[in-house]
Amino acid sequence: MTDTFKMDEAQPRLLDETRQGVIGTPMDRPEGKLKVSGRAPYAAEIALDGMVHGVLVRATITRGQITAIDETSIHDTPGLLGVFHGEHFVRNPAQGMAAESPEQPGTRIDYHGQPIALVVAKTFEAARDGAHKLKISYKPDDSVDVDPQTASNVVSKDDDAVIIGDVDSAMARADASVDLQFTTPGQVAAAMEPHAAIAQWQGDQLLLHGSLQMLRFNKRELADAVGIDPENVRILSPYIGGGFGSKLGIGAEAVSAALASRALGCPVRVVMARQTVFDAVLRRTETSQRVRFAATKEGKLTAIAHDDTVSNLSDEGFAEPVSTASQFLYGAENMHFLQKVAQIHRTPAGSVRAPGEAVGMLAFEAGLDELAEKLDICPVQLRLNNLPERHPATDQAFSARALAQALREGAQQFGWSERQPTASRREGDWYIGMGMASAARSNMLVPSAARVTLEADRIVVETDMTDIGTGSYAILGQIAAEMLGLPTEKVVVRLGDTDLPGASGSGGSFGASSAGSAVYLAAKKLREELAHSLGCAAEELTLQDGMARGANHEKSFAELLPNPIMAEGAIEGGKTADEYFSAGFGAHFCEVAVHAWTGETRVRRMLGVFGMGRVLNEKTARSQAVGGMIWGVGAALTEELSHDPRTGHIVSRDLANYHVPAHADIPRQMDVVFLEERDDQANPMQTKGIGELGISGAGAAVVNAIHNACGVRIYDFPATPDKVIAGLEALGR
Amino acid sequence: MKTELKVNGQLHTLDHDPRMTLLDALRDDLHLTGTKKGCDHGQCGACTVLLDGRRINACLTLAAMHDGCEITTIEGLGEPENLSALQTAFVSKDGYQCGYCTPGQIMSATGMMDEVRAGDPSHVSTDLSGDVPFDDAEIAERMSGNLCRCSAYPFIREAIAMAAEVKK
Ligand code: FES
Ligand code: FES
């Protein structure tokens, strides 16, 4: 084991002193050539001798009991090897960082689409056919709530509520106020790679090729689910076709593959059909939100309230933290944040990219836009007027907070001063408008470890960290290269293997900072060793292109390192996280065109300005930011889970019915500006996360632009053409 | 049943279940896993390959329907150390993140560029018979069958535009 560094105080900015000059640069992804040539193997693509195929069967009732699974109903399926179900089967994926098995309900059904059995056959075609034909008998339970609006059990989370002052009386006294009701539909991650697993046993050792985001936790989840010691589980997940939260925890594909493989004695592959991914992977909850603001006529907020209702199955602990950012973006003397959770039987809810901010800021930042309109104050100015000194709910000091700068620079670079009064700019049949919103996403440090080995001409970085498209391979290599003074081509980064030191995994935008800090700390130890061998103090050492210099000494690594040296680094959060509140901040600006007759909204250009601490790779960071902004466009305009009102079953359960943005929905001009920033309280690299900051607030900028374009406010997301037309008609346009 | 396919210039004889899609034949029988399965329903474009030179969703067609056909997959376009212009452009423009939609995007763009060169109009073309301009609106429209949930769209289109420049 290794000593763990605790982030108790700000650290020197060593990465501003090192000489290799690769940190922050827009380096191409090192694994890029494999990806563009189709040679990067994802979970389902490992070729194993004797591998057979499993297809999951889903429940066709919403609630009740399985009374029989009639295996004889498919006994004539050619090549059939078995039907697996029973006590180890998991109901849904584990929530992020659960580190234990998700619910194993046995014969109980809790939602329509719940995976209940696995049909295994020699060929995929036969297994699929068997899964379709398998006869299952149920005893359905008639009383079942599937709609949060009418649910009989709604739990008020009073213990977590933040109530300061008296919002009601502040609203009554205010010069201006808004009291608005918003709804957002359920959403899904829809990563392009469906959830997949190949399980293989050697004696009591389970090897799983999976598509998973957090291996350190996944290993324990899988072990617990199948009932073995975590020491006997190894998971490999070097390439992951997108996660966005949907692969945080192990799910039915991994557990059923492991169970079937143990019984059959051969490798078993289970890949979820796209429809199964919709049905049986955690979705983002639908929300209903009440947003209230009160202000003086000068535009000083006197009350901020953001109450919400989300949903989940009663025994799933997760509740989308809708008002997280609302609690710290602006301040007021009177505040109210209360959440309710409706207990319903739909596909359970969990983390999808930026849980909380992604939907909370849609309503919150749109509400603030409406207040600005009432006050007749520029929305940018209204935000600038109300930046709090300290976190209004916890009274922590802010660490680095670039919100004011992002608002000002964004307005300037976007040409915000060209914005016209509501519904006054028209080009032919199109109304044109501009909108904006703040961006915010809280930042975390999660325990992480990594091992770095330095040879004369090579660095090897090893950790069980994952790269889900975020750029881990690139940035971990850059950190090591920068710290140890070799070109990035000389770094080998090994990820996605539970045999390697355990990292945070990918989630909550904390991966780069957490796993990166572990690599940084390991490399820092190696620097100390090099300094010692060279005969200088660590502070005097400079490393560049394989040369070590310090205190008038100069030696090549070849001379200094007769043998490779190795160190492990480990980090966890400390006192800075108590004293300081760290978050990424930014501002979104958007220009849309709204068609006067069809109600169609076209995003014409967007700009995001972000302060996210030190940028580790300008290219991959930009991709993350733009990706997030495009998710914001999807949330604003097209994405919507629809449920059968009788059963709660998801009816928009494929990519033709659930509309993620496509090329034609997105303009070429999606600009991003990163502000120069160091967050000294965040971690020793002064970095923050970017993967979720881009989505947080982006969709609000889109609907605020729709209002500026044509005067229509959307309270029921997404802003589909039918709703925009109805709004235009109501306005008599 | 048996089907003969010429894939990336090499002749293969498959002995397969008649229900096997072309996509599964490529991925599972020939171990050409560069072609991806995102939906198995013609909704995402991850499985795009060239069939006798034209782009097609390999999940929407059965292997048995293509006896004697020529197929090009991402593996046939270039190798890691010998990439096509389009593949190189995707790397340098960061036209991907997770990389799962990427082979489909690249195969689709390869086919699409030939369609533009041949003057095939699209929904956004203003002139149905003249030359098709190779601008961003045309690329966006023609590439809209290829979803990218990482949402690398602006960079994918930059990469395509860059590769088109190289080809000129
Ligand atoms: S896998 Fe063929 S279109 Fe999605
Ligand atoms: S790169 Fe991940 S889906 Fe396109």
Side-chain angles (χ1 to χ4, degrees), chain A residues 26 28-29 31-42 44-45 47 123-126 128-129 189-194 239-244 271 273-274 467-471 619-620 622-624 626-631 634 654-656 660-670, chain B residues 17-20 24 27-28 31-44 46 73-75 77-81 83 86-88 90-92 94-103 106 124 136 139-158:
Chain A
D28 292 345
R29 293 170 199 259
E31 80 286 13
K33 289 177 177 178
L34 294 178
K35 284 180 175 172
V36 300
S37 62
R39 264 74 167 190
Y42 296 78
E45 299 168 357
T123 67
F124 168 65
E125 290 76 19
R128 184 179 55 191
D129 189 36
M192 291 312 306
E193 179 204 20
Y239 295 101
I240 297 144
F244 317 111
V271 184
R274 177 53 64 183
D467 188 331
I468 60 173
T470 39
K619 188 176 280 189
T620 55
R622 180 174 305 271
S623 286
Q624 284 286 294
V626 168
M629 288 158 66
I630 292 173
W631 275 55
D654 59 34
L655 295 168
V660 305
H663 273 286
D665 299 319
I666 300 302
R668 176 85 164 265
Q669 196 181 347
M670 296 291 290
Chain B
D17 188 307
R19 297 167 293 186
M20 184 177 248
D24 288 331
R27 281 170 64 82
D28 291 345
H31 302 300
L32 293 168
T33 55
T35 308
K36 304 303 181 195
K37 186 190 281 194
C39 69
D40 224 2
H41 271 68
Q43 299 169 343
C44 76
T73 70
I74 189 77
E75 289 90 348
L77 223 57
E79 286 166 34
E81 294 313 319
L83 299 171
L86 200 50
Q87 289 169 314
T88 307
F90 267 68
V91 175
S92 77
D94 215 39
Y96 53 39
Q97 290 176 39
C98 75
Y100 199 78
C101 75
T102 311
I106 292 172
V124 299
D136 189 61
I139 303 176
E141 173 62 24
R142 290 162 188 269
M143 291 299 295
S144 280
N146 289 83
L147 299 177
C148 174
R149 187 50 160 169
C150 296
S151 303
Y153 296 124
F155 309 110
I156 293 171
R157 302 217 294 276
E158 270 181 39

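Just so you know, these numbers use all the heavy atoms, side chains as well, and skip hydrogens, waters and symmetry mates. Here is how names work: the chains are called A, B, and so on, in the same order as the sequence lines, proteins then strands, and each is numbered from 1.
At a 4.5 Å heavy-atom cutoff, A/Tyr239 makes no contact with chain B through either its backbone or its side chain. The parts of B/Tyr96 that come within reach of chain A are both its backbone and its side chain, each placing non-hydrogen atoms under 4.5 angstrom from that chain. At a 4.5 Å heavy-atom cutoff, the contact between B/Ser144 and chain A is made by backbone and side-chain atoms alike. Of the two parts of A/Ala40, only the backbone, made up of N, CA, C and O, holds a non-hydrogen atom closer than 4.5 Å to a non-hydrogen atom of chain B. For A/Pro41, no part sits under 4.5 Å from any heavy atom of chain B, backbone or side chain. There is no contact between A/Gln669 and chain B, counting heavy-atom distances below 4.5 Å. Neither the backbone nor the side chain of A/Thr470 comes within contact range of chain B; no heavy atom of the residue lies under 4.5 Å from a heavy atom of that chain. Heavy atoms closer than 4.5 Å to chain B are found in the backbone of A/Ile240, but not in its side chain. Heavy atoms of A/Arg668 lying under 4.5 Å from chain B belong to its backbone as well as its side chain. Contacts of B/Glu81 with chain A are made by side-chain atoms alone, with heavy-atom separations under 4.5 Å and no backbone atom involved.
Of the listed residues A/Gly243, A/Gly469, A/Ala191, the one with more heavy-atom pairs under 4.5 angstrom with chain B than any other is A/Gly469. For chain B, the option among A/Lys619, A/Met629, A/Met670, A/Arg622 with the highest count of heavy-atom pairs below 4.5 Å is A/Lys619. Between chain A and the residues B/Thr102, B/Asp24, B/Leu32, the largest count of heavy-atom pairs under 4.5 Å involves B/Asp24. Interface summary for chain A: among B/Met143, B/Gln97, B/Arg149, the most heavy-atom pairs under 4.5 angstrom belong to B/Arg149. With respect to chain B, the highest number of heavy-atom pairs below 4.5 Å among A/Gly628, A/Ala189, A/Pro26, A/Gly634 belongs to A/Ala189. No other option in B/Ser92, B/Gly78, B/Gly95 has as many heavy-atom pairs under 4.5 Å with chain A as B/Ser92.
A search for side-chain contact (heavy atoms from CB on, under 4.5 Å) contacts involving A/Thr123 returns A/Glu125, A/Ala126, B/Asp17, not counting sequence neighbours.
The pair A/Arg29-B/Asp94 meets the salt-bridge criterion, since a charged nitrogen lies less than 4.0 angstrom from a carboxylate oxygen. The residues B/Arg27 and A/Glu45 are annotated as salt-bridged, a charged nitrogen and a carboxylate oxygen being separated by less than 4.0 angstrom.
Counting heavy atoms from C-beta on, the side chains of B/Glu79 and A/Arg39 come closer than 4.5 Å. Here the side chains of B/Lys36 and A/Glu193 are not in contact, with every heavy-atom distance at 4.5 Å or above. The shortest side-chain heavy-atom distance between A/Ser37 and B/Leu77 does not fall under the 4.5 Å cut-off.
In terms of heavy-atom proximity, A/Trp631 sits nearest to B/Ser151 at CD1-OG, 3.7 Å.
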